[in-house]
Amino acid sequence: MTITDELRRVLGPVGIWMPPPAGTGLDAAEYGRAIEAAGFTSVWFPRMNSAADLAAVEPTLAATDRLVLGTGIASVWTWTATELRQETNRLAAAYPGRFILGLGVSHAPIVESSGQAYVRPYSKMVQFLDELGEVDAPVMLAALGPKMLELSRMRTVGAHPYFTPPEHTAFARQVLGAQPLLIPEIAAALAPGDEGAVAARDYAKRYLALPNYTSNLKRFGFTDADIADGGSDLLMSQVVPNGPAATVARLSEHLAAGADHVLVQLLAAGGRFDSGGLPALADLVADLKN
């Protein structure tokens, strides 16, 4: 059995994507146990940009038996390859089969705010992979466009897209081929009606200001008008759904389009993470997990 086949078996169809617990007032160990108890097989954290960041979420692994932890992402602009190799191998040894290293090139405003020039991000990723070499955990790339998806296929076990419609998942699967893993994220507000729609828009406005995401959305027919003013109803329904029925529909569409494992980021008022939504989500996706 290949590593990708084994991960498909272990992960199943649905996982959780969430901010680092410390920033949301959650205890990493306690919430990790809640995720596992609700029947989800993985949790992915963004902004894993230092050894301290990884150490802060490691209790999620230590407190659980089977939960897989992924980085969504570790930025190639903040780590040295040597440091990240050491941390990856340490976690892989401590928690065999339970750590996935997701790498990404981040975004120009974030990188430039650190005093670095955001130039040739694709080349930066290639160079980083060369310097990283072989590690003891699976590696995936945050990939949107065809070049980064192709790099994911050639150099890693697959791709972890973010803020994408189901049409992107179908495109990504076509580029990747059958064997690599495809693990997209979908943010969703379970609250129906205006409450959920407002929460979804509050979350989306940050991402609709980032060129990496807006350029990708335009590949799939969305226009400047769709992106303006917090996102059109069409864009929001496809990328950040709200309400139980729409959430399950989009999640199912990602799976039908070729996703192996879809990461759900639950949204509450203000676009914040809905930490109390795990039981409701588990009930909604029960049929998908059978």
Side-chain angles (χ1 to χ4, degrees), residues 1-22 26-48 51 53-74 84-85 87-104 134-143 152 156-162 169 176 179-187 251 254-255 258-266 273 275 277-278 281-282 285-286 288-290:
M1 182 179 289
T2 66
I3 182 61
T4 51
D5 288 336
E6 175 63 12
L7 284 169
R8 284 186 180 94
R9 184 191 68 80
V10 168
L11 292 172
V14 186
I16 299 296
W17 198 103
M18 63 175 288
L26 296 170
D27 179 86
E30 182 179 343
Y31 202 71
R33 286 191 291 267
I35 292 170
E36 188 169 73
F40 298 104
T41 55
S42 80
V43 59
W44 294 60
F45 297 113
R47 302 189 294 279
M48 294 291 102
D53 293 332
L54 286 174
V57 299
E58 186 175 350
T60 306
L61 286 168
T64 54
D65 297 320
R66 299 171 304 280
L67 194 66
V68 174
L69 188 153
T71 60
I73 60 166
L84 187 53
R85 186 189 315 114
E87 283 298 303
T88 297
N89 291 345
R90 181 185 68 80
L91 289 170
Y95 311 97
R98 298 178 57 204
F99 180 67
I100 299 174
L101 176 61
L103 293 173
E134 294 293 325
V135 294
D136 296 336
V139 178
M140 303 186 73
L141 301 186
S152 302
T156 77
V157 302
H160 168 42
Y162 185 94
T169 295
L176 290 172
Q179 190 58 35
L181 289 175
L182 180 53
I183 303 183
E185 172 270 357
I186 178 172
L251 200 162
H254 279 284
L255 291 169
D260 295 297
H261 184 63
V262 179
L263 305 171
V264 180
Q265 180 177 183
L266 292 165
F273 179 65
S275 61
L278 289 177
L281 180 64
V285 303
L288 297 176
K289 295 191 286 185
N290 294 331

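Basis for what follows: all heavy atoms, side chains included, without hydrogens, waters or symmetry-related copies. Each residue takes its place number in the sequence, starting with 1.
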- Message: Applying salt bridge (Lys or Arg N to Asp or Glu O under 4.0 Å) as the test, list every pair that has at least one member in residues 33-45; sequence neighbours left out.
- Response: none
- Message: According to salt bridge (Lys or Arg N to Asp or Glu O under 4.0 Å), who are the partners of Asp260, at least two apart in sequence or on a separate chain?
- Response: Arg8, Arg173
- Query: Given side chains that start at C-beta, do those of Leu103 and Met140 come closer than 4.5 Å, heavy atoms only?
  - Reply: no
- Query: Is there side-chain contact between Ile16 and Leu263, with heavy atoms separated by less than 4.5 Å?
  - Reply: no
- Query: Quick one: are Pro20 and Arg47 in side-chain contact, heavy atoms under 4.5 Å?
  - Reply: yes
- Task: Calculate, to the nearest 0.5 Å, the distance between atoms CD1 and CG belonging to Ile100 and Leu181 respectively.
- Result: 7.0 Å
- Taking side chain as C-beta onward, heavy atoms only, is Ser152 less than 4.5 Å from Pro180? no
- Item | Close side-chain approach of Leu11 and Ile183, heavy atoms under 4.5 Å | yes
- Item | Heavy-atom side-chain contact between Phe45 and Thr71 under 4.5 Å | no
- Sorted by chain and residue number, the side-chain contact (heavy atoms from CB on, under 4.5 Å) partners of Ala94 (sequence neighbours excluded) come out as none
- Message: Under a 3.5 Å distance rule, please check whether Glu185 uses its side chain to pair with a backbone N or O of Ala187 as donor and acceptor.
- Response: yes
- Task: Could you tell me which residues satisfy ring-ring contact (aromatic ring centres under 6.0 Å, His included) with Tyr162, sequence neighbours excluded, listed by chain and number?
- Result: Trp17, Tyr207, Tyr213
- Query: Taking only residues two or more places apart in sequence, or in another chain, which ones meet Ala38 in a side-chain contact (heavy atoms from CB on, under 4.5 Å)?
  - Reply: Phe40, Leu278, Ala282
Hey, can you pull the donor-acceptor pairs under 3.5 Å for the side chains in residues 57-70, sequence neighbours left out?
unit_1: Glu58; atom_1: OE1; unit_2: Arg90; atom_2: NH1; d: 3.1
unit_1: Glu58; atom_1: OE1; unit_2: Arg90; atom_2: NH2; d: 3.1
unit_1: Glu58; atom_1: OE2; unit_2: Arg90; atom_2: NH1; d: 3.3
unit_1: Glu58; atom_1: OE2; unit_2: Tyr95; atom_2: OH; d: 3.0
unit_1: Thr60; atom_1: OG1; unit_2: Ala28; atom_2: O; d: 3.3
unit_1: Thr60; atom_1: OG1; unit_2: Val57; atom_2: O; d: 3.0
unit_1: Thr64; atom_1: OG1; unit_2: Thr60; atom_2: O; d: 2.8
unit_1: Thr64; atom_1: OG1; unit_2: Leu61; atom_2: O; d: 3.3
unit_1: Thr64; atom_1: OG1; unit_2: Arg98; atom_2: NH2; d: 2.6

- Please examine the side chains of Leu26 and Met18, heavy atoms only from C-beta on, and report whether any two atoms are closer than 4.5 Å. yes
- Are any non-hydrogen side-chain atoms of Pro21 and Tyr31 less than 4.5 angstrom apart? no
- Task: With sequence neighbours left out, write down each residue that passes side-chain hydrogen bond (donor to acceptor under 3.5 Å, both in side chains) with Ser42, or none if nothing qualifies.
- Result: Trp44, His261
- Note on the structure: The reported gap from CG in Leu288 to CG in Leu251 (rounded to nearest 0.5 angstrom) is 6.0 Å
- Take Asp136 and Thr88, measure what side chain to side chain contact (heavy atoms under 4.5 Å, CB included) needs, and give me the verdict at the end. CA-CA 7 Å; Asp136 296 336; Thr88 297; 5.9 Å; no
- Interatomic distance, Thr4 atom OG1 to Leu182 atom CG [nearest 0.5 angstrom]: 12.0 Å
- Item | Set of residues satisfying side-chain contact (heavy atoms from CB on, under 4.5 Å) with respect to Ala142, sequence neighbours excluded | Ile73
- Sequence neighbours left out, what pairs pass salt bridge (Lys or Arg N to Asp or Glu O under 4.0 Å) with at least one residue falling in residues 11-22? none
- Note on the structure: Applying salt bridge (Lys or Arg N to Asp or Glu O under 4.0 Å) to Glu6 and not counting sequence neighbours gives Arg9
- Query: Checking side chain to side chain contact (heavy atoms under 4.5 Å, CB included) for the pair Thr41/Val14: CA distance, chi angles, key distance, verdict?
  - Reply: CA-CA 7 Å; Thr41 55; Val14 186; over 6 Å; no
